[in-house]
Amino acid sequence: MSRVQAKDIRIVLVEPSHPGNIGGTARAMKTMGLADLAIVNPGRFPDPQAVWRAAGAVDVVDAARVFDRVDEAIADCGWVVGTSARSRRVPWPVATVEQFSEQLAREDLGGKPVAVLFGREDRGLSNEELEWCNLHVVIPANPEYPSLNLAMAVQVVCYEISRALTRVANPDAGTEDPPSDDPPTNWDRSPATAADLAALYRHLSHVLSAIEFQNPKNPRLTMTRLRRMFTRIRPDQTEVAILRGVLTRIERSLARRPPR
Ligand code: SAH
């Protein structure tokens, strides 16, 4: 059994525009014992302001990896969550940062990383990016003004994760929090990665168009709802392979079908 550890947590900043927030994020992470920082398409980076705000956490800034696209930053992850202060058009599974951290600390993902996505300073995460996520995580805040500064949101999330990891690793330490009864998620196979699921969605969407279940010019919310179902049930790699096999069979029998 290998429970999630601090080294497995990847903080992903999606298109941050201010380099100061990158430095602030690095500092927030290092103070809580996290080090894996991924930055997708930053506005200005590298930048002296990132170094200045990082203070003693320049090593985290220096080790940060920059990606062009979100799917590249999360491809190897076994669990992906998105932080958001707002609810979206299709309701998604939502947890408070505390509930999420408690669940995370009890997960066994076979050593696969966990991605925690943070959005742009002005617009947050897009609907499409939020649909990549197994879970949406919210920091409970003032309903009239729930939007924290990006690096401060990272600090709150890293703090809760670090506390939960410590609590679960030292159950006898006599903390004030009662242990949760939720069982950890134990897999006999590895969970599907974000890249496995992305490939499944492409394949499924293609077949749904081929069998005329959806109109490729006007796909509506079918794929969104199916993505939500798959992120909710969190299939393992064998289950995804079975579904891909079924889709391939459908494609083959379509190819054999006489033209109408
Ligand atoms: N105006 C944006 C808010 C961006 S704040 C919007 O309406 O979505 C920048 C990022 O910080 C958000 O994308 C989210 O990742 C994080 N964040 C800020 N406040 C948060 C909260 N209350 N709960 C969860 N994440 C939050």
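Heavy atoms only: backbone and side chains are in, while hydrogens, waters and symmetry mates are out. Read the numbers this way: they start at 1 and go in the same order the structure lists the ligands and their atoms. These numbers were taken from a predicted model, which means no experiment stands behind them.
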Q.
Please work out, at 4.0 Å between heavy atoms, whether the side chain, the backbone, both, or neither of Ser84 comes within that distance of ligand 1.
A.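 It is the backbone that gets close, since no side chain atom is under 4.0 Å.
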Q) Can you tell which part of Val137 has a heavy atom less than 4.0 Å from ligand 1: side chain, backbone, both or neither? A) backbone
Q.
Measuring from non-hydrogen atoms of Met152 to any atom of ligand 1, is the shortest distance under 4.0 Å?
A. no
Q) Charged N to carboxylate O below 4.0 Å: is that the case for Arg234 and Glu107? A)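 Salt bridge between Arg234 and Glu107, a charged N being under 4.0 Å from a carboxylate O: yes.
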Q.
I'd like to know if Arg10 pairs up with Asp76 as an ion pair, taking the criterion as any Lys NZ or Arg NE/NH1/NH2 lying under 4.0 Å from an Asp or Glu carboxylate oxygen.
A.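 Between Asp76 and Arg10 there is a salt bridge, with a charged N closer than 4.0 Å to a carboxylate O.
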Enumerate the atoms of ligand 1 whose separation from the nearest heavy atom of [X] is less than 4.0 angstrom.
| X | result |
| --- | --- |
| Arg120 | 4 (C), 9 (C) |
| Asp122 | 1 (N), 2 (C) |
| Arg123 | 2 (C), 8 (O) |

(Q) I'd like to know if the side chain of Gln214 reaches the main chain of Ser205, judged simply by a donor and an acceptor atom lying under 3.5 Å from each other, with no hydrogens or angles considered. (A)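 Flag set: sc Gln214 to bb Ser205 pair under 3.5 Å.
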Q. Hey, is the main chain of Val157 close enough, under 3.5 Å, to the side chain of Glu160 for a donor-acceptor pair?
A. no
What protein heavy atom lies closest to [atom]? Include the residue and the distance to one decimal.
| atom | value |
| --- | --- |
| atom 7 (O) of ligand 1 | Arg86 NE, 2.8 Å |
| atom 22 (N) of ligand 1 | Pro146 O, 2.8 Å |
| atom 23 (N) of ligand 1 | Ile139 N, 2.9 Å |
| atom 15 (O) of ligand 1 | Thr83 OG1, 2.6 Å |

Q: Examine Leu150 and Ile11 and state if one hydrophobic cluster contains both, with Ile, Leu, Val, Met, Phe, Trp and Tyr joined whenever side-chain heavy atoms are less than 4.5 Å apart.
A: yes
Q. Tyr201, Phe213: one ILVMFWY side-chain cluster at the under-4.5 Å cut-off?
A.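 Yes: a chain of side-chain contacts under 4.5 Å links Tyr201 to Phe213.
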**Q.** Ala153, Gly124, Gly119, Ala85: member with heavy atom nearest to atom 2 (C) of ligand 1
**A.** Gly124
Would you be so kind as to tabulate the donor-acceptor pairs closer than 3.5 Å made by side chains of residues 58-65, with sequence neighbours excluded?
{"residue": "Asp59", "atom": "OD1", "partner": "Lys30", "partner atom": "NZ", "Å": "3.1"}
{"residue": "Asp59", "atom": "OD2", "partner": "Lys30", "partner atom": "NZ", "Å": "3.2"}
{"residue": "Arg65", "atom": "NH2", "partner": "Asp36", "partner atom": "OD1", "Å": "3.2"}

